[in-house]
2 protein chains.
Amino acid sequence: MNRPATTHSPTFSPLYQQIRALITRSLESGEWKPGDIIPSESDLAERFGVSQGTVRKAIDELAAENLLVRRQGKGTFVSTHDDPRSFFRFLRLASNEGELLRLQSIPLECWRAKAGPDVARTLALEPGAPINIVRRLMRFGDEPAVYDEIYLPGELFPDLSLDILNSVAVSMYSLFESRYSVRIIRAEERLRAVSADRVSAELLQVAEGSPLLLVERVTYTYDNKPVEWRRGFYATKNFYYHNELG
Amino acid sequence: MNRPATTHSPTFSPLYQQIRALITRSLESGEWKPGDIIPSESDLAERFGVSQGTVRKAIDELAAENLLVRRQGKGTFVSTHDDPRSFFRFLRLASNEGELLRLQSIPLECWRAKAGPDVARTLALEPGAPINIVRRLMRFGDEPAVYDEIYLPGELFPDLSLDILNSVAVSMYSLFESRYSVRIIRAEERLRAVSADRVSAELLQVAEGSPLLLVERVTYTYDNKPVEWRRGFYATKNFYYHNELG
DNA sequence: CAGTGGTCTAGACCACCTC
DNA sequence: AGGTGGTCTAGACCACTGA
């Protein structure tokens, strides 16, 4: 292990950050897959030639970013979107009464297209590159709640189809990670209020022109690479978008 | 310093959590005020009779929650809402073009009232308890962006008035902390899309009935005590509400 | 220069889990 | 009993700041 440059170096980076980068690389390369246990802290310390405390600090940061999950007495695991706990991290929807909600994803359409200028820019693709477009409805306890239009790079999801989407019990992101080895890390959202057009009004069973919450999301994998652009129309009569400010 | 109960104790709490609680108490009691520097890690270690590393871990957590701010070479400081960096933590608004925005808060009205059932429940007050109601407009670069209706416990803000609100250069929360010793720690928001009523339409210069983003916020101080209920109507034609999912 | 936070180590011990 | 993460310590040294 290279020691950090030690005196007046303009590129000083602490040891634990270097370890952190090495662990991230192993995650990225698939050496450890979602759900897997990774080597113990002392094993990693030996492997990298540093003390256990230094490895610990690197893992601390990766756990804070939800890339890893620690479980005392058991070990440290690569986090996965199969875990229902990690599911509501990316769906900040709750019902007015705070009830537990039975959630249902209903894929409507899935087809192949070429990236227009907007999609190309957002997903960092060449204009005209192949993309997948998915239309989907989400119901919460038999009530339509969200209508999504989803744009995905064709290269990353070569054989995506309605059948495959229908086979998914849990979230789309767990499909991405298990079938396509695309690990969703983080997302940025832009929220606006808009008027329902004819299509979304019909799907969400509201009057045309009634207010909808538009959630535009860009989702990223490692290295801040965008892998999804999503426009979600939320019917917020009986639901709301929940956020915490700290 | 009491050592943590050590064997099979159901109430086990690590030392650094106890230290953290002690530091929090000193913040709460006003021993160290917003903007103040707190004693150095080694001073605190001596004062509490623990090692410097244990104090460090306690401060780590408080810094992660934005209660404290570390500055290498200088010391550790109590965070304050005067700091413009901490300002956009509680205003997740950005413009479509991503420009820097000149921001202006225009208080419209401020009066004293009695808590109705909704306000009383939200702010954990007795129904009929005195409250302050504030109406306010926010402009971003000469364009109206947000109309706020704000409900505050009368007991905490006894002499709040339009004059006092107008004297504030920065955020209301820095007024709360400097004049009323009420420190805003965190907030929960519920977002919905609604139709503009006559009042908000006029203030925000949009057509009556056009979609607005309604942001309902409950703000908390220490011990999860609610101190503010706010309904913000956001005109999202040229702005959006920004959120990061991690 | 002295003082602060930041990094790194080595070692001891504890809490939790599984076998 | 043995392995894992979690806590705590004591000490050394580094990076950054301001006088």
Side-chain angles (χ1 to χ4, degrees), chain A residues 1-23 32 35-79 83, chain B residues 1-23 32 35-79 83:
Chain A
M1 182 82 253
N2 286 331
R3 298 290 147 174
T6 170
T7 301
H8 293 283
S9 163
T11 58
F12 168 73
S13 147
L15 243 191
Y16 74 89
Q17 290 287 7
Q18 302 177 38
I19 303 298
R20 180 197 150 138
L22 291 174
I23 296 175
W32 309 313
D36 285 357
I37 189 172
I38 73 170
S40 74
E41 293 178 355
S42 38
D43 283 356
L44 289 172
E46 193 178 4
R47 164 164 163 182
F48 296 134
V50 301
S51 78
Q52 187 251 10
T54 300
V55 170
R56 183 165 184 78
K57 185 148 187 181
I59 292 178
D60 275 344
E61 291 204 352
L62 294 170
E65 292 180 44
N66 296 114
L67 292 182
L68 297 176
V69 177
R70 299 173 175 286
R71 283 184 231 167
Q72 179 170 143
K74 292 194 194 170
T76 301
F77 298 78
V78 183
S79 63
D83 184 349
Chain B
M1 183 81 252
N2 285 331
R3 300 291 149 176
T6 172
T7 301
H8 294 281
S9 164
T11 58
F12 168 73
S13 148
L15 242 191
Y16 75 88
Q17 289 288 7
Q18 302 177 38
I19 304 298
R20 179 196 151 139
L22 291 175
I23 295 175
W32 309 313
D36 285 357
I37 189 173
I38 72 169
S40 73
E41 295 179 355
S42 39
D43 283 357
L44 289 173
E46 193 178 3
R47 165 164 161 182
F48 296 134
V50 301
S51 79
Q52 187 250 10
T54 300
V55 170
R56 184 165 183 77
K57 184 148 189 183
I59 292 178
D60 274 345
E61 291 204 352
L62 294 170
E65 291 179 44
N66 297 113
L67 291 183
L68 297 175
V69 176
R70 323 181 92 122
R71 284 184 231 167
Q72 180 169 148
K74 293 193 193 171
T76 300
F77 299 77
V78 183
S79 62
D83 184 350

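In what follows, every chain begins at residue 1, and chains take the letters A, B, ... in the order their sequences are listed.
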| request: Specify the separation, in whole Å, of atom CG of B:Asp43 and atom C1' of C:dG3. | output: 10 Å
| message | Heavy atoms only, 4.0 Å cut-off, all strands: where does B:Glu41 land among base, sugar-phosphate and nothing? | response | sugar-phosphate
| said: I'd like to know if the side chain of B:Thr54 and the backbone of B:Tyr16 have a donor-acceptor N/O pair within less than 3.5 Å. | reply: no
| request: Send over the distance from A:Leu62 CG to D:dG5 C1', rounded to a whole Å. | output: 16 Å
| query | What nucleotide among C:dG5, C:dC8, D:dT7 has an atom nearest to a side-chain atom of A:Ser51? | reply | C:dC8
| Just how far, in rounded Å, is P of C:dG5 from CZ of A:Phe12? | 17 Å
| remark: Picking from D:dG5, C:dC8, D:dA15, the nucleotide nearest the side-chain atoms of B:Gln72 would be D:dA15
| task | Measure from CD on A:Gln52 to C1' on D:dG3 and round the result to the nearest Å. | result | 13 Å
| said: Using whole Å, what does the distance between atom P of nucleotide C:dT7 and atom CZ of B:Arg70 come to? | reply: 9 Å
| Hey, what do you get for CD1 (B:Ile23) to CD1 (B:Ile59), rounding to the nearest 0.5 Å? | 5.0 Å
| Between D:dG6 atom C1' and B:Lys57 atom NZ, what is the distance in whole Å? | 6 Å
| d(CD, A:Glu61; C1', C:dC8) in whole Å | 15 Å
| query | Hey, is the side chain of A:Arg56 poking within less than 4.0 Å of OP1 or OP2 on D:dG5, counting only N and O atoms? | reply | no
| request: Specify the separation, in whole Å, of atom CG of A:Asp60 and atom P of D:dG5. | output: 12 Å
| Quick one: is C:dT4 close enough that its OP1 or OP2 comes under 4.0 Å of any side-chain N or O from B:Arg71? | no
| request: Output the single nucleotide from D:dT9, C:dC8, C:dT18 whose closest atom is nearest the side chain of B:Leu15. | output: D:dT9
| D:dT9 phosphate, OP1 or OP2, under 4.0 Å from B:Thr54 side-chain N/O | yes
| Below 4.0 angstrom from OP1 or OP2 of D:dT4, is there any side-chain N or O of A:Ser40? | yes
| query | Rounded to the nearest 0.5 Å, what separation is found between the CD1 atom of A:Ile38 and the CZ atom of A:Phe77? | reply | 9.5 Å
| What distance do A:Glu46 atom CD and A:Leu44 atom CG have between them, rounded to the nearest 0.5 Å? | 10.0 Å
| query | So A:Asp60 and A:Arg70, side chain to side chain contact (heavy atoms under 4.5 Å, CB included) or not? Walk me through it. | reply | CA-CA 9 Å; A:Asp60 275 344; A:Arg70 299 173 175 286; 2.8 Å; yes
| field | First encountered from the 5' end of DNA chain C, between B:Lys74 and A:Lys74 | value | B:Lys74
